Amino acid sequence: MSDSPELSSVLAGDAVPGDLAQLICCLAEACAGIANAVERGSLSGTLGALEQSNVQGETQKQLDVISNDMLIDALRSSGLARGIASEEEEHSVAIPGGAPYLVLFDPLDGSSNIDVNVTVGTIFSILPAPGDTPTDSDFLQPGDQQLAAGYVAYGPSTLLVLSTGDGVRQFTLDRAGGVFRLSHLAMEVPKQTGEFAINAARQRHWLTPIAEYVADCQAGENGPRGRDFNMRWIASMVADVHRVMTRGGVFLYPDDHAMQAEGKAGKLRLMYEANPMGFLAEQAGGAASTGRERILAIQPDGLHQRVPVVMGSAEEVAEIESRFARG
Ligand code: AHM
Ligand code: MG
């Protein structure tokens with residue numbers, strides 16, 4: 001394993017442009033730094049909340065801000081991106097003269113789990129830069145336009161799961177050398193599953209298609225699905241989606257009556273969470289939907305737009321879509 005090829009040499013053998021490969025390596029290096037900060041935890045005094053909120057009105061953790069700064073600093077100084085948009089920042093930042101790529105990221109997804117030592121992650125998406133000095137509207141491209149997407153899971157191992165549009169590979173951080181090494185050549189989401197993941201605390205708010213889907217799964221082998229299902233919810237999207245990417249399952253964060261009453265389309269963000277994860281799911285043979293449409297086909301209308309998310313094993317996503325189609 002320690003002689004498995006490094007990320008840079010794997011990308012060098014790909015058909016991706018050299019500056020895009022360098023950009024991915026730059027992101028991976030910054031994430032290796034975030035992995036160190038996460039791993040040191042309270043030894044570095046970085047656990048706990050800050051007395052401030054982000055653009056979404058959510059309480060920020062110290063590590064949210066540290067991770068955000070590490071990614072922005074790395075990208076700014078690299079010259080490998082022309083624009084950056086972060087879940088933690090209200091507006092995008094242009095980097096004139098950079099290579100023709102836009103990078104979007106959620107620097108530390110699931111950070112409410114940090115203080116209880118549960119896996120968190122960084123999610124990123126790379127789009128083509130249409131002009132020299134990108135503004136927010138230049139980032140509003142459908143997920144189908146992504147040139148690459150990935151996540152880094154800071155768990156028992158630090159893993160990078162990456163697609164440049166030709167399947168999905170997994171790399172493991174070799175802490176000895178501080179480099180990511182290839183650990184899985186072609187990830188595939190099994191088409192069928194016996195597992196679902198949803199925050200059941202919102203059950204009283206669920207729309208009928210979701211309520212009936214979950215009830216049918218819970219009914220097990222004597223119910224309409226004719227088999228038993230298991231339920232898992234880590235409340236950390238990277239960890240939940242990584243389980244789905246590895247052994248199948250369906251991950252749901254749907255919209256519901258309570259969200260609709262508040263005028264919210266969902267919880268998770270299209271540009272920083274749903275699109276990159278949807279790209280990876282599709283590239284691994286899975287599917288990603290809102291329940292009503294394919295996530296990657298959505299024309300975004302805002303940097304921080306929220307969407308319902310149903311992703312994972314293709315047959316299960318189709319089953320849920322068919323329930324929404326029936327109404
Ligand atoms: P965050 O980006 O503020 O961390 O929020 C996203 C997270 C996801 O990682 C996770 O799937 C979800 O929020 C958990 O929500 P809940 O607290 O409702 O279980
Ligand atoms: Mg986040």
Side-chain angles (χ1 to χ4, degrees), residues 11 16-34 37 50 52-58 60 63-109 111 121-152 160 162-165 268-280 295-296 298-307:
L11 290 173
V16 297
D19 54 1
L20 178 56
Q22 285 174 18
L23 171 57
I24 293 166
C25 291
C26 169
L27 284 164
E29 199 180 320
C31 289
I34 296 172
L50 286 173
Q52 65 185 52
S53 301
N54 66 8
V55 57
Q56 337 254 348
E58 298 157 341
Q60 284 181 307
L63 277 168
D64 279 325
V65 174
I66 291 168
S67 308
N68 191 48
D69 291 349
M70 288 171 89
L71 285 162
I72 290 177
D73 291 349
L75 290 168
R76 265 187 193 283
S77 59
S78 71
L80 293 165
R82 198 167 290 172
I84 304 171
S86 165
E87 188 192 294
E88 301 293 337
E89 308 276 347
E90 186 168 3
H91 291 293
S92 61
V93 178
I95 311 173
Y101 305 110
L102 304 178
V103 183
L104 303 93
F105 51 82
D106 180 352
L108 204 60
D109 185 71
S111 56
T122 298
I123 310 172
F124 63 86
S125 162
I126 302 177
L127 290 164
D132 288 337
T133 312
T135 60
D136 287 1
S137 60
D138 292 313
F139 287 75
L140 303 182
Q141 305 177 39
D144 270 330
Q145 299 296 319
Q146 291 173 103
L147 302 171
Y151 62 80
V152 176
L160 164 66
L162 173 72
S163 178
T164 56
L268 300 174
R269 270 85 10 164
L270 175 63
M271 306 304 291
Y272 313 107
E273 291 161 333
N275 269 344
M277 291 307 214
F279 186 75
L280 290 162
I295 285 174
L296 300 188
I298 296 172
Q299 173 59 52
D301 58 26
L303 265 186
H304 298 287
Q305 172 177 356
R306 295 172 191 262
V307 285

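Note that the structure is predicted; figures quoted are calculated from it, not measured.
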Considering the options L296, I126, L280, which one meets the side chain to side chain contact (heavy atoms under 4.5 Å, CB included) requirement together with Q146? L296
Would you say the side-chain atoms of H304 pair up with the backbone N or O of M271, donor to acceptor, closer than 3.5 Å? no
Do you know which two heavy atoms are closest between L71 and A30, and how far apart they sit? CD2-CB, 3.8 Å
Run the numbers on L162 and L11 for side chain to side chain contact (heavy atoms under 4.5 Å, CB included), then give the verdict. CA-CA 11 Å; L162 173 72; L11 290 173; 4.1 Å; yes
Roughly how far, to the nearest 0.5 Å, is CD1 of I95 from OG of S78? 6.5 Å
Kindly write out the residues that satisfy salt bridge (charged side-chain N to carboxylate O under 4.0 Å, His left out) with D136, not counting sequence neighbours, or none if the list is empty. none
Begin from the C-alpha positions of S92 and L303 and carry the test side chain to side chain contact (heavy atoms under 4.5 Å, CB included) through to its verdict. CA-CA 8 Å; S92 61; L303 265 186; 4.3 Å; yes
Just verifying a value: how many Å separate S77 OG and I72 CD1, rounded to the nearest 0.5 Å? 11.5 Å
Assess whether side chain to side chain contact (heavy atoms under 4.5 Å, CB included) is satisfied between L140 and D301, documenting all intermediate values. CA-CA 6 Å; L140 303 182; D301 58 26; 5.6 Å; no
Any donor-acceptor pair under 3.5 Å linking the side chain of R82 with the backbone of G98? yes
Dump the intermediate steps for side chain to side chain donor-acceptor pair (under 3.5 Å) on N68 and S86, then the final yes or no. CA-CA 7 Å; N68 191 48; S86 165; 2.7 Å; yes
Give a yes or no on whether the backbone of P128 and the side-chain of Q141 come within a donor-acceptor separation of less than 3.5 Å. yes
Between CD on residue E273 and CG on residue D109, distance to nearest 0.5 Å: 4.5 Å
Please round to the nearest 0.5 Å and tell me the distance separating atom CG of L147 and atom CD1 of I24. 9.0 Å
Could you tell me whether the side chains of D64 and S111 share a donor-acceptor contact shorter than 3.5 Å? yes
Restricting to non-hydrogen atoms, name the atom on P142 and the atom on L127 that form the minimum distance, rounded to 0.1 Å. O-CD2, 4.3 Å
Where Y151 and F124 come nearest, the two heavy atoms and their spacing: N-CE2, 4.3 Å
Got a second to check how far N275's CG is from M277's CE, nearest 0.5 Å? 12.0 Å
So does I66 get a backbone contact from the side chain of D69, meaning a donor-acceptor N/O pair under 3.5 Å? no
Restricting to non-hydrogen atoms, name the atom on C26 and the atom on L75 that form the minimum distance, rounded to 0.1 Å. SG-CD2, 4.2 Å
Side chain T122, main chain P107, donor-acceptor under 3.5 Å: yes
Are a donor atom and an acceptor atom from the side chains of Y101 and D19 found within less than 3.5 Å of each other? yes
Closest heavy-atom contact between P134 and F139? CB-CE1, 4.3 Å
What verdict does the side chain to side chain contact (heavy atoms under 4.5 Å, CB included) test give for E89 and I84, after you've listed the backbone C-alpha separation in whole Å, the side-chain angles of each residue and the deciding distance to 0.1 Å? CA-CA 10 Å; E89 308 276 347; I84 304 171; over 6 Å; no
How close do S67 and I34 get, counting heavy atoms only, and between which atoms? OG-CG2, 3.6 Å
Over 12 non-hydrogen atoms of neighbours within 6.0 angstrom of CD in Q305: yes
